Amino acid sequence: MKDEVQTREDRVAGLKGLGCSRKRVEDARFTQGKGNYVDDIKLPGMLHGDFVRSPYAHARVVSINAEAALALDGVVAVITAKDLEPLGLHWMPTLAGDKQMVLADGKVLFQGQEVAFVVAKDRYVAADAVELVEVEYEELPVLTDPFEALKSDVVLREDLLGDGDTLPDGAHGPRNHPNHIFTWEVGDKDATEQVLSEADVVAEEMVYYHRTHPCPLETCGSVASMDKVNGKLTLYGTFQAPHAIRTVVSLISGIEEHNIRVISPDIGGGFGNKVGAYAGYVCSVVASIVTGVPVKWVEDRMENLMTTAFARDYWMKGKISATKDGKITGLWCHTTADHGGFDACADPTKFPAGFMNICTGSYDIPTAFLSVDGVYTNKAPGGVAYRCSFRVTEAAYFIERMIEVLAIELNMDAAELRRINFIRKDQFPYQSALGWEYDSGDYHTAWDKALESVGYEALRAEQAQRVEDFKAGKTRKLLGIGLTHFTEIVGAGPVKNCDILGLGMFDSCEIRIHPTGSAIARLGTISQGQGHATTFAQILASEIGLPADSITIEEGDTDTAPYGLGTYGSRSTPVAGAATAMAGRKIRAKAQMIAAYLLEVHDNDVEFDVDRFVVKGAPERFKTMKEIAFAAYNQAIPGIEPGLEAVSYYDPPNMTYPFGAYICVMEIDVDTGEHEIRQFYALDDCGTRINPMIIEGQVHGGLTEALAIAMGQEIAYDELGNVKTGTLMDFFLPTAWETPNYTTDHTETPSPHHPIGAKGVGESPNVGGVPAFSNAVHDAFRAFGLRQSHMPHDHWRIWKTANDLGLHG
Amino acid sequence: MSNKMHIKLNVNGEDHEFLAEPRELLIHTLRERLNLTGPHVGCETSHCGACTVTIDGKSVKSCTMFVAQANGAEVTTIEGIGSPDALHVLQESFREHHGLQCGFCTPGMITRASKLLEENPNPTEEEVRFGMAGNLCRCTGYQNIVKSILAAAAELNAVKEAAQ
Ligand code: FES
Ligand code: FES
């Protein structure tokens with residue numbers, strides 16, 4: 001028998017299961033140009049939609065005249081809010097409990113806002129027609145500063161004023177000004193203030209995390225196809241959460257959910273951009289219903305940057321207190337959150353500022369208080385988690401800056417300050433002062449490994465020498481050592497406290513084993529480059545003992561996949577990965593009964609071994625999973641139904657808490673403001689590692705996004721609300737030339753509550769990377785008195801910092 | 001419309017003749033008229049390189065070229081670079097070294113890299129990074145793309161040497 005020559009190791013390796021750097025099954029299509037992205041979809045008779053957008057950031061829409069546009073050959077329809085109103089579709093609910101105009105209903109609140117939707121026979125005619133739609137605007141005063149907005153008499157959202165004298169509550173409680181959205185408070189305010197007032201040392205700083213954008217290489221788009229004969233709507237689109245989109249479309253359109261099929265085809269990167277529901281999706285659906293033919297809408301890059309899904313824009317005022325030896329005693333944070341014209345932030349319902357309350361970071365801080373005020377301004381709505389779990393990047397940046405500022409205040413080494421304040425290994429599970437239960441961690445081990453790997457002591461000595469040389473006029477370059485130890489919170493999440501639009505944030509997997517021992521598994525998530533078709537098959541291979549190469553993974557079609565909340569916030573591995581393992585275990589349980597029957601022993605007398613069930617104590621007597629699969633379909637087994645299938649809906653008991661230690665060594669040219677990254681070391685602990693090759697790739701990609709954000713990428717507005725960075729000319733995306741090589745490393749602390757101990761990794765490098773780059777810039781100037789400067793640290797800002805510190809002589 | 005132009009193109013070895021408005025962009029000709037959806041649109045402003053094709057031996061961003069400008073040219077897209085039975089070394093190499101994630105930039109990357117390796121069969125890492133700077137990737141951080149291209153160069157050279 002062939003099996004006899006195979007060692008157990010061979011059999012394990014043959015599965016390509018957990019821990020294997022399995023090559024990706026997705027790649028054959030993508031490398032040959034055979035991906036199938038939204039804009040590749042071409043349906044018979046398909047029309048193209050394009051938007052008339054507002055050039056103003058705040059204005060009344062006095063009139064819209066579409067006559068000339070409609071007269072153009074090839075134009076089929078021009079849709080405005082007036083047309084949508086009878087259908088109740090001129091506004092739509094946002095993920096944050098607010099509502100948002102689909103098309104301008106009397107006024108516009110940000111530059112680029114959708115005013116009318118033109119439908120034409122091709123994209124060129126549609127673009128011509130957009131130019132022919134005449135819109136008369138009456139300009140209104142513009143508010144781009146959230147602090148000013150909270151004092152201004154200019155009301156942005158008249159629709160929320162109510163009829164009486166008092167301002168009606170918003171979705172998250174009382175509002176204290178017409179431009180105020182919510183106040184969210186966590187922690188013990190009085191106790192924190194007391195601790196601060198009694199502390200030896202208090203460091204105080206305003207930490208601004210600027211507005212930016214996920215900017216995946218593929219923009220957002222959809223193709224809607226209403227089949228009037230059978231009453232079915234098929235909607236293809238760039239959706240990170242296809243099932244939730246189906247439910248939302250059903251709720252707002254009145255089409256029954258079973259008559260809607262949502263398909264996320266290949267997605268060209270998401271990073272949070274494709275979580276939200278956009279006017280374009282709704283308009284393509286309406287246009288298809290009206291015209292009876294398929295309608296495509298794909299935004300261009302400028303529309304993408306200006307209107308869909310900004311990220312960050314948090315003003316975080318912080319105070320951190322410590323004893324004189326550096327033991328942290330308290331943390332206070334007040335955040336002013338600029339949400340733009342509508343509150344469309346993509347956060348679980350009960351968390352209007354996401355998981356910002358993870359801002360105590362990796363540190364054992366006994367007392368803390370956080371409050372967040374959301375504010376309306378004349379900027380685009382969005383507030384997505386740009387490659388991070390909800391607002392976790394903001395939280396990590398905040399605490400990692402505050403630690404650095406405290407180190408300056410204490411005149412201490414920032415690495416040592418971190419070390420003496422880390423949550424210790426024996427403190428897990430750890431209850432944080434702001435309400436989380438950290439599942440597992442070993443921060444000291446990770447930190448020591450990181451410091452040793454980069455030769456930290458020697459770097460500090462070199463830096464000190466550099467400062468001497470600089471002062472002596474021997475060099476014009478400074479050396480910065482950027483430290484970060486971050487803790488992520490991912491895998492939303494327990495249904496008891498996490499939902500989106502009332503939908504619990506579980507996820508799902510359904511498995512069918514075929515008679516010949518291959519399988520298909522379908523999930524409620526959707527890959528946007530993370531390689532789910534590769535990694536989920538690996539989880540399953542280890543669970544059910546069939547080779548990953550014999551397992552097809554399918555996602556993204558709501559007619560076939562089980563319901564799930566989608567892929568964002570690093571939730572696929574923690575939640576859907578767990579569902580996959582649990583469904584696999586159900587398969588195994590049934591396989592055990594079949595094996596026992598075939599081997600003529602009691603169920604408890606067989607045990608699972610890699611790819612088979614063996615009789616305990618008699619390993620030569622076994623049935624492989626392949627044999628068992630066949631038996632499931634060809635034998636009448638008493639008391640067991642035919643077939644081998646399972647489904648699992650997994651509601652995680654807790655979030656997972658990946659962490660990492662990153663160190664960036666940066667050279668800065670004081671005279672030009674240019675930087676050079678000499679070394680970047682990234683140690684990640686994401687628990688059990690499913691596919692090391694893919695983990696490393698995720699880290700490289702996330703770090704490069706972090707590099708962009710920290711060093712130049714920004715959605716900037718002028719005082720009239722004009723977007724100044726609406727093209728890739730002004731919006732910084734690093735090329736291969738500006739991007740350094742990264743050194744990756746890991747420790748492995750499994751999650752105690754996850755079925756396979758995995759924690760998720762996709763977003764850690766963005767969360768940890770931004771403070772590492774930014775801290776390197778700050779650290780380079782520490783010897784010259786710099787405490788805080790705002791990102792992005794582009795050449796001009798760094799030059800300006802040096803100039804302000806008097807370093808230009 | 002009467003202002004259409006008579007266009008002749010050879011794409012991936014096949015001749016095409018059609019009437020097109022002079023303003024039609026080459027990327028739309030390829031994707032929508034000829035159904036070659038390998039090249040993608042990421043920006044339409046010459047920045048991202050997702051639309052990269054080879055025209056008469058040069059790498060070109062097809063989003064900022066009118067089809068009229070390409071009249072009479074020989075065009076190669078990702079679809080013409082390898083076939084399922086005979087993949088280009090770069091196509092193998094990108095898979096082997098995890099040089100792609102979402103795959104949206106990949107056709108442009110490989111098309112550009114194939115040209116780069118023709119122009120410079122023995123590039124240094126620096127030369128690869130510089131030569132690929134017209135192609136943006138949002139997913140990979142480039143490290144594995146560079147690795148894929150350097151590995152492909154080594155392999156192509158080994159094949160050449162063996163043939164000599
Ligand atoms: S689409 Fe041509 S360069 Fe971006
Ligand atoms: S692989 Fe996604 S943009 Fe390059």
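Each chain gets a letter, A, B and so on, in the order the sequences are listed, and its residues count up from 1. Computed from a predicted structure; not experimentally measured.
Counting heavy-atom pairs closer than 4.5 Å to chain B, the top residue among A:Ile694, A:Asp27, A:Thr704 is A:Asp27. No other option in A:Ala736, A:Gly701, A:Pro740, A:Gly33 has as many heavy-atom pairs under 4.5 Å with chain B as A:Ala736. Of the listed residues (A:Gln530, A:Met302, A:Met693, A:Gln698), the greatest number of heavy-atom pairs within a distance under 4.5 Å of chain B belongs to A:Met693. Note on A:Glu26, A:Arg387, A:Glu696, A:Arg123: by heavy-atom pairs under 4.5 Å with chain B, the leading option is A:Arg123. When A:Pro214, A:Gly35, A:Cys215 are compared by the number of non-hydrogen pairs under 4.5 Å with chain B, A:Cys215 comes out ahead.
B:Gln91 places a side-chain N or O within 3.5 Å of a backbone atom of A:Thr31 that can act as its donor or acceptor partner. Within the 3.5 Å criterion, the main-chain N or O of B:Gln101 finds a donor-acceptor partner in the side chain of A:Arg24. Here the side chain of B:Arg138 pairs no donor or acceptor atom with the backbone of A:Pro216 at under 3.5 angstrom.
Taking NE2 of A:His700 as the start and SG of B:Cys139 as the end, the distance is 14.0 Å to the nearest 0.5 Å. Between atom CD of residue A:Gln32 and atom NE2 of residue B:His88 there is a gap of 12.5 Å, rounded to the nearest 0.5 Å. We find the CD-OH distance between A:Glu738 and B:Tyr142 to be 8.0 Å, quoted to the nearest 0.5 Å. Between the CZ atom in B:Phe104 and the OG1 atom in A:Thr219 there is a gap of 7.0 Å [rounded to 0.5 Å]. B:Ile78 contributes atom CD1, which lies 10.0 Å from atom NZ of A:Lys34 (distance to the nearest 0.5 angstrom).
The shortest non-hydrogen separation linking B:Cys105 to A:Leu217 is CB-CD2, 3.4 Å. The minimum heavy-atom distance linking A:Gly268 with B:Cys102 is given by the pair C-SG, 3.4 Å. The shortest non-hydrogen separation linking A:Thr739 to B:Gly141 is CG2-O, 3.4 Å.
Looking at A:Met729, the atoms closer than 4.5 Å to chain B (heavy atoms on both sides) sit in the backbone and in the side chain alike. There is no contact between B:Thr111 and chain A, counting heavy-atom distances below 4.5 Å. The contact between B:Ile110 and chain A is made entirely by side chain atoms (from C-beta outward), counting heavy-atom distances below 4.5 Å. With a 4.5 angstrom heavy-atom cutoff, A:Tyr37 touches chain B only via side-chain atoms. Only the side chain of A:Lys42 has a heavy atom closer than 4.5 Å to any heavy atom of chain B. With a 4.5 Å cut-off on non-hydrogen atoms, A:Ile267 touches chain B through its backbone but not through its side chain. Both the backbone and the side chain of A:Asp40 have a heavy atom closer than 4.5 Å to some heavy atom of chain B. Within the 4.5 angstrom heavy-atom criterion, no atom of A:Arg29 approaches chain B. For A:Phe271, the part sitting under 4.5 Å from any heavy atom of chain B is the side chain, from C-beta outward, and nothing else.
For B:Phe18, the CZ atom sits in a packed shell: over 12 heavy atoms of surrounding residues, nucleotides or ligands are nearer than 6.0 Å. Heavy atoms of other residues, nucleotides or ligands lying less than 6.0 angstrom from CG of B:Asp15 number more than 12.
Near-neighbour residues of residues 25-52 of chain B relative to chain A, defined by a heavy atom under 4.5 Å from a heavy atom of that chain, comprise B:Leu25, B:His28, B:Arg31, B:Glu32, B:Asn35, B:Thr37, B:Gly38, B:His40, B:Val41, B:Gly42, B:Cys43, B:Glu44, B:His47, B:Cys48, B:Ala50. Of residues 112-127 of chain B, those residues with a non-hydrogen atom less than 4.5 Å from any non-hydrogen atom of chain A are, in numerical order, B:Glu125, B:Glu126. Contacts of residues 155-164 of chain B with chain A at a heavy-atom distance below 4.5 Å are absent; not one residue qualifies.
The shortest side-chain heavy-atom distance between A:Tyr124 and B:Glu24 falls under the 4.5 Å cut-off.
By the ring-ring contact (aromatic ring centres under 6.0 Å, His included) test, A:Tyr236 is found to be paired with no residue, residues two or more places apart in sequence or in another chain being considered.
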Before you tell me yes or no, could you show the steps for B:Lys147 and A:Asn741 under side chain to side chain contact (heavy atoms under 4.5 Å, CB included), namely the whole-Å CA-CA distance, both residues' side-chain angles and the distance that decides it to 0.1 Å? CA-CA 11 Å; B:Lys147 205 167 157 191; A:Asn741 278 308; over 6 Å; no

